[in-house]
Asker: 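One structure follows; several queries about it will come next.
Whatever order the structure lists them in is the order used to number ligands and atoms, beginning at 1. Just so you know, these numbers use all the heavy atoms, side chains as well, and skip hydrogens, waters and symmetry mates.
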Amino acid sequence: MALYPIRTFGDPVLRLETKPVTEIDDVVRALVQDMIETMYEAPGVGLAANQIGVTRRIAVFDAQDELGPRVMINPEIIELGGEWMYEEGCLSVPGHWWEITRPGFARVKAIDLDGNDVEYAGDGLLGRVLQHEVDHLDQKLLIDRLDKPIRKKALRDLRDEALGLATFE
Ligand code: GNR
Ligand code: NI
């Protein structure tokens with residue numbers, strides 16, 4: 001078991017294409033265990049492999065229900081519904097939360113660690129995390145989901161923060 005550092009906004013790895021998993025071997029199984037451990041340690045409710053520098057289509061999540069940690073390998077969104085505004089954060093953009101409107105319901109098809117087809121579906125936090133993690137695997141970050149004026153301010157704040165400047169309204 002190992003903890004990985006989480007890559008943050010500005011790290012080019014978050015914008016690299018991620019490759020599908022073709023074989024679930026011991027390396028993948030160990031990586032998934034490390035991702036779950038890293039997610040809980042953060043703490044977060046989801047983690048995509050590229051957030052720890054691994055460009056594979058793997059994500060883990062824990063929607064704070066009785067089901068505990070779950071894995072999605074090569075996930076695909078197969079259904080979205082409704083609309084819901086929710087305050088969203090990301091371990092790769094630490095210390096920031098933005099209200100983001102997305103579909104409320106999501107259904108994802110993926111494979112699990114045994115290579116079986118699985119589907120995860122729901123609204124609330126689960127629906128949100130499913131979309132957020134698939135976004136990571138598609139190189140998309142929270143910032144990209146903000147409306148232009150809010151995005152401009154967010155990017156300015158993040159730049160100032162990276163440069164160690166004080167921020168002024
Ligand atoms: O821990 C996390 N919390 C969270 C809250 C609202 C919407 C999405 C998330 S996912 C985030 C962990 C993370 O960055 N996963 O990629
Ligand atoms: Ni995230």
Asker: Could you tell me the residue and atom name of the protein heavy atom closest to atom 5 (C) of ligand 1, and the distance to it rounded to 0.1 Å?
Answerer: Gly89 N, 3.9 Å
Asker: If you count the atoms of ligand 1 from 1 in the order shown, which ones are under 4.0 Å from a heavy atom of Arg128?
Answerer: 7 (C)
Asker: Who's the nearest protein heavy-atom neighbour of atom 12 (C) of ligand 1, and how far?
Answerer: Gly46 O, 3.3 Å
Asker: With only distance considered, is Glu88 within less than 3.5 Å of ligand 1 through an N or O on each side?
Answerer: no
Asker: When the ring planes of His136 and His132 are compared, do they come out parallel, tilted or perpendicular, using 30° and 60° as the limits?
Answerer: perpendicular
Asker: Numbering the atoms of ligand 1 from 1, which are under 4.0 Å from a heavy atom of Gln51?
Answerer: 14 (O), 15 (N), 16 (O)
Asker: By number and element, which atoms of ligand 1 are closer than 4.0 Å to a non-hydrogen atom of Tyr86?
Answerer: 6 (C)
Asker: Out of Gln131, Glu87, His132, Met39, whose heavy atom is nearest to atom 10 (S) of ligand 1?
Answerer: His132
Asker: Among all protein non-hydrogen atoms, which one is nearest to atom 15 (N) of ligand 1, and what is the separation to 0.1 Å?
Answerer: Glu133 OE2, 2.7 Å
Asker: How far is atom 1 (O) of ligand 1 from its nearest protein heavy atom, and which residue and atom is that?
Answerer: Val45 N, 3.0 Å
Asker: Can you find an N or O of Cys90 that's nearer than 3.5 Å to an N or O of ligand 1?
Answerer: no
Asker: Does an N or O from Pro43, backbone or side chain, lie closer than 3.5 Å to an N or O of ligand 1?
Answerer: no
Asker: Roughly how far, to the nearest 0.5 Å, is CG of Asp62 from CE of Met39?
Answerer: 5.0 Å
Asker: Would you give the length of the straight line joining atom CZ of Arg70 to atom CZ of Phe61, rounded to the nearest 0.5 angstrom?
Answerer: 4.0 Å
Asker: Let me confirm one number: the OG1-CG distance from Thr18 to Asp138, rounded to the nearest 0.5 Å.
Answerer: 6.5 Å
Asker: What atoms in ligand 1 come closer than 4.0 Å to a heavy atom of His136?
Answerer: 16 (O)
Asker: Membership question, hydrophobic clusters at under 4.5 Å side-chain separation (ILVMFWY): are Ile73 and Ile52 in the same one?
Answerer: yes
Asker: What protein heavy atom lies closest to atom 14 (O) of ligand 1? Include the residue and the distance to one decimal.
Answerer: Leu91 N, 2.8 Å
Asker: For the 3.5 Å polar cut-off, considering only N or O atoms, please tell me whether Ser92 and ligand 1 meet it.
Answerer: no
Asker: Would you mind checking if Arg102 and Glu88 are paired as a salt bridge, meaning a charged N to carboxylate O distance below 4.0 Å?
Answerer: yes
Asker: Below 2.8 Å of the Ni ion (ligand 2), tally up the protein N/O/S atoms for me.
Answerer: 3
Asker: What is the distance from atom OG1 of Thr101 to atom CZ of Arg145, rounded to the nearest 0.5 Å?
Answerer: 11.5 Å
Asker: With atoms numbered from 1 as shown, which atoms in ligand 1 lie under 4.0 angstrom from a non-hydrogen atom of Gly44?
Answerer: 1 (O)
Asker: How would you list, by chain and number, every residue that makes a side-chain contact (heavy atoms from CB on, under 4.5 Å) with Asp112, sequence neighbours excluded?
Answerer: Asp114, Asn116, Val118
Asker: At their closest point, which heavy atom of Ala49 faces which heavy atom of Leu137, and how far apart are they?
Answerer: N-CD2, 4.4 Å
Asker: Apply salt bridge (charged side-chain N to carboxylate O under 4.0 Å, His left out) to the pair Arg15 and Asp144, showing each step before the final yes or no.
Answerer: CA-CA 12 Å; Arg15 302 298 195 180; Asp144 310 319; 2.9 Å; yes
Asker: Check whether any side-chain heavy atom of His96 lies under 4.5 Å from a side-chain heavy atom of Leu158, and answer yes or no.
Answerer: yes
Asker: Measuring from atom CD of Glu41 to atom CD1 of Ile36, what distance do you get when rounded to the nearest 0.5 angstrom?
Answerer: 14.5 Å
Asker: Any salt bridge between Lys153 and Asp157, counting N to O under 4.0 Å?
Answerer: yes
